[in-house]
Amino acid sequence: MKATVYNGNQSFTVIEKEIDAPKSGEVRIKVAYSGVCGTDVHIYHGMMDKRVSIPQTIGHEMSGVIDKVGPDVEGFTEGEKVVVRPLDDRLVKPSDKGFNHICENLKFIGIDSPGSMQQYWNVPAFVLHKLRPETDLKLAALIEPLSVAVHDVRMSGLVAGETAVVLGGGPIGLLVALVAKEAGANVIISEVNETRIQMAGEFGLKAVNPTKIDLVQYVREQTEGRLADVVFEVAGVQPALDVMTELAGIRGRIVMVAIHGQKKPVDLFKFFWKELKLIGARVYEKEDYEKAIALITANELPFEKMITDVQPLSNIQQVFENIDKNPEGLKVLMDCQL
């Protein structure tokens, strides 16, 4: 079978290897599609070389079909469509308080262990979620990032009629906006890239450029002065941190979606003055995956617009190079059988 290998130094190779039999408690998946995540791009740039065991097959956004069920696995059969929730929580401890998805010794499959950018992939059965037979496997490859958005919105406590401002209109920002809109919120996206602003409009979302307008004043006008009930910080840049406390109205909630690897200044006075809440949101839980699966299955939102390119697995080096050249794209899928 074909498998891709990250070798470090912005280099991938495609190799031929034997198809391994699944071990006890494992299932072998014939991978249909594997999406390229922002984390995968960080790996490509060498930003996670201390964590990733080089050489490594990466990838965690995927869809596929069960090819073989290993010993001691119940509830799954060959031919079923599935996705993987790539969280290995087998080292959970009582001190993790039952929050297995963020347990101290969590291993992220596709980063800390081999991932989905290969034709066949063996994974523990407990990470699988079943799909309906009619599910489009291309759209199903969006379930993992969509689950992130579902978790973010759930953690925010957003309810219908509230105003949500999403700072950052990339793939996760757009998915957060779609989920928030589906929940009945009035959604405004702040994005500096004009191409992505146009894309947001194609999704039926309202997006504005904060370098061309006064974003706080715009939100104030849109809300009769109440400002935002929820602000999702997805951009991961200092200007977003600066404006998020300005955008949040009295007792507003700010959800930290972006990953900030270093300490950043934040206006804590605004938290005191307006009784704001800052909420961390990391990955997802089982219920978020099931909600994302339901949204993909219903296919009432324009998820197909998220997929801007599909490439054969054998083109992996070119795919990552092209992403660097064209950062305006949304989601690239690898066809793992080509």
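Side chains included, hydrogens not; waters and symmetry mates left out as well; all remaining heavy atoms used.
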query: Can you tell me if NZ on K97 sees more than 12 non-hydrogen neighbours from other groups inside 6.0 Å?
result: no
Worksheet item: Within a reach of under 6.0 Å around NZ of K23, are more than 12 heavy atoms found that belong to other residues, nucleotides or ligands?
Response: no
Check [Y] with [X], please: is the shortest side-chain N to carboxylate O separation under 4.0 Å?
X    : Y    : value
R90  : D88  : yes
K291 : E182 : yes
E304 : K138 : no
D96  : K93  : no
R154 : E285 : yes
E246 : K274 : no

Taking every non-hydrogen atom, the tightest pair across [X] and [Y]:
X    : Y    : answer
I109 : W121 : CG2-CZ2, 3.4 Å
G59  : D40  : N-OD1, 3.9 Å
L330 : G170 : CD2-C, 4.5 Å
Y44  : F12  : CD1-CE1, 3.6 Å
L158 : A164 : CD1-CB, 4.3 Å

Sorted by chain and residue number, the side chain to side chain contact (heavy atoms under 4.5 Å, CB included) partners of N193 (sequence neighbours excluded) come out as E191, T195, R196, E328
Of L139, L131, L137, the one forming a side-chain contact (heavy atoms from CB on, under 4.5 Å) with T135 is L131
| message | Whether the N9 and S11 side chains hold a donor-acceptor pair (N or O, under 3.5 Å, no angle test) is what I'd like checked. | response | no
Do H101 and R282 meet the criterion of a side-chain donor-acceptor pair at a distance under 3.5 Å? no
Students should find that the hydrophobic cluster of L268, defined by side-chain heavy atoms under 4.5 Å apart, otherwise consists of V165, L167, I188, V208, I213, L215, V216, Y218, V219, L227, V231, L241, V243, M244, L247, I254, M256, V266, F271, L276, L278
In Å and rounded to the nearest 0.5 Å, what is the [atom1] to [atom2] distance from [X] to [Y]?
X    : Y    : atom1 : atom2 : value
I58  : M48  : CD1   : CE    : 9.5 Å
L205 : M199 : CG    : CE    : 13.0 Å
Q118 : N122 : CD    : CG    : 8.0 Å

F303 meets the ring pair (Phe, Tyr, Trp, His ring centres under 6.0 Å) criterion, sequence neighbours left out, with none
Worksheet item: Is the gap between the ring centers of Y284 and Y289 under 6.0 Å?
Response: yes
